[in-house]
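One structure below.
Keep in mind that this is a model prediction, so the values were computed, not measured. Side chains included, hydrogens not; waters and symmetry mates left out as well; all remaining heavy atoms used. Order of listing sets the numbers, starting from 1, for every ligand and every atom in it.
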Amino acid sequence: MSTDSAPATKVDLEILPTQHPLGDAERAQRMQSPGFGRVFTEHMVAISYSADRGGWLRGQLKPYAPITLDPAAMVLHYGQAIFEGFKAYRQPDGRIKTFRPEANAHRFNSSARRLAMPEMPVGLFVGCVDALIRQDRGWVPAAVGESLYIRPLMFATEAALGVRSSRDYDFLVIASPAGAYFPQGVKPVTVWISEDFVRAAPGGTGAAKFAGNYAASLLAQMNAAAEGCAQVVWLDAVHRRYVEEMGGMNIFFVYQEGGRTVMVTPELTGTLLPGITRDSIIQLARDFGYAAEERKVTFDEWRSAVRDGRMTEAFACGTAAVITPIGAVKSREGTFAIHNNETGPVAARFREALLNIQHGLAPDTHGWMHDVL
Ligand SMILES: *Cc1c(COP(=O)(O)O)cnc(C)c1O
């Protein structure tokens with residue numbers, strides 16, 4: 001059963017459209033090859049929270065513009081900042097749908113709880129995203145693999161230097177047209193096993209989409225790049241043995257056991273980010289008749305299972321790139337290739353199945369798609 005497709009409640013926003021809308025030609029030019037996260041639409045949603053004024057205040061849908069912050073704003077000093085990421089897709093008939101937005105709203109609230117920030121009603125979260133997409137509907141690309149990336153965020157705005165949780169917050173939603181992540185076709189990446197740094201420790205913030213997790217990952221990502229690798233693979237903080245994630249994506253391992261395909265993904269121990277793509281792949285695996293297991297996988301198991309031919313593929317998954325095959329794994333002890341450093345059939349099958357559901361080219365049997373327009 002899916003709880004993802006409840007209809008959005010109407011939200012009460014003050015609507016302040018831009019006085020200088022872009023012409024179609026100018027917008028088309030900006031959407032030509034947008035890449036990822038560099039071009040933004042013409043509007044944004046802004047809602048403030050004030051503990052002293054009773055919670056969430058009436059928000060605005062207004063022109064996209066820089067914001068002002070007091071230099072003492074608590075986010076700049078103590079880092080209370082969380083975010084979400086999901087996408088809107090153009091359907092074959094021209095309508096627009098988002099993928100599992102209520103799941104993102106629930107995850108946003110669990111991130112908020114961990115960072116001692118206020119939760120937001122799920123209907124308000126989804127409803128104001130819908131309002132922004134409707135306003136900026138001309139910015140939703142049409143081609144398969146293209147989408148409008150939605151980025152909700154919340155941060156502490158109270159001007160005060162005492163260390164405690166802020167009493168004031170701003171919630172914003174911005175949107176960015178996203179081109180095909182792999183314009184030249186899906187290419188496997190080489191990954192670097194990080195032995196010097198960890199992403200998250202038990203009891204820490206690893207399960208929250210918390211800005212500080214990403215700040216803490218950047219040096220390891222630079223080390224990976226210096227090793228000629230596209231991404232870093234994180235091991236658990238305690239034993240430094242169990243594989244947790246790849247960069248900002250979850251990981252799947254594909255085993256062939258006695259004629260059966262078994263999908264294995266690291267279990268959610270509290271240090272992993274519970275990806276919505278990860279959850280969707282587990283459900284699709286069962287639809288395909290594959291087994292799906294959530295359990296611990298050591299780096300040693302990864303290497304030996306590839307060597308004996310039991311593990312035939314590995315891939316990472318997340319909203320931005322959907323599925324990224326892992327072609328080679330590099331550590332201080334050396335490098336090994338997986339599936340001959342080519343995209344395997346299982347990764348390709350999941351990628352196509354997800355994109356087809358998202359773009360309305362296959363039936364949405366789990367009720368994952370949410371109607372926006
Ligand atoms: C966002 C994120 C993911 C993937 O989550 P999706 O909901 O599938 O996009 C995985 N790991 C980390 C660390 C993330 O930030």
Side-chain angles (χ1 to χ4, degrees), residues 2 4 36-37 81-89 98-112 114-115 125-126 129 147-154 175-176 178 181 189 191 194 197-201 204-221 224 230-237 242-253 263 265-285 292 294 314-324 326 347 350-351 353-355 357-358 366 368-370:
S2 172
D4 284 343
F36 181 76
I82 60 170
F83 67 94
E84 268 305 327
F86 58 102
K87 288 175 168 176
Y89 305 85
T98 49
F99 184 70
R100 307 190 68 182
E102 289 87 358
N104 294 86
H106 287 292
R107 187 170 68 188
F108 191 71
N109 283 339
S110 76
S111 300
R114 179 62 185 83
L115 275 300
F125 180 101
V126 174
V129 169
S147 57
L148 184 67
Y149 181 78
I150 309 296
R151 170 54 66 89
L153 63 154
M154 178 180 19
S176 173
Y181 207 87
V189 294
V191 297
S194 179
F197 300 108
V198 294
R199 192 188 84 91
T205 54
K209 241 174 150 63
F210 160 51
N213 293 342
Y214 304 85
S217 75
L218 300 176
L219 183 56
Q221 179 60 41
Q231 289 285 345
V232 53
V233 166
W234 302 105
L235 301 177
D236 79 285
Y242 301 107
V243 178
E244 298 211 317
E245 299 198 56
M246 180 191 95
M249 304 174 84
N250 296 113
I251 289 192
F252 277 86
F253 302 104
M263 306 296 300
T265 192
E267 69 188 30
L268 300 176
T269 55
T271 53
L272 280 73
L273 197 290
I276 292 159
T277 317
R278 174 189 180 280
D279 182 78
S280 306
I281 287 173
I282 291 171
Q283 296 195 48
L284 287 177
E294 298 176 70
F315 61 82
C317 66
T319 295
V322 191
I323 282 176
T324 305
I326 299 175
F350 280 106
R351 182 181 169 76
L354 274 170
L355 285 170
I357 294 169
Q358 291 165 339
H366 295 282
W368 285 336
M369 302 307 292
H370 167 82

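- Thr271 places none of its side-chain heavy atoms less than 4.5 Å from the side chain of Asp236.
- Under the 30°/60° scheme for interplanar angles, the aromatic rings of Phe252 and Phe315 are found to lie parallel.
- Protein residues with any heavy atom under 4.0 Å from ligand 1: Arg107, Arg199, Lys209, Tyr214, Glu245, Gly248, Met249, Asn250, Leu273, Gly275, Ile276, Thr277, Gly318, Thr319.
- Contact check for Thr324 versus Gln231: no side-chain heavy atoms found under the 4.5 Å cut-off.
- A search for salt bridge (Lys or Arg N to Asp or Glu O under 4.0 Å) contacts involving Arg278 returns Glu294, not counting sequence neighbours.
- Lys87 places a side-chain N or O within donor-acceptor distance of the main-chain N or O of Thr319, the cut-off being under 3.5 Å.
- We find that Glu244 and Arg199 are not joined by a salt bridge, their nearest charged nitrogen and carboxylate oxygen being 4.0 Å or further apart.
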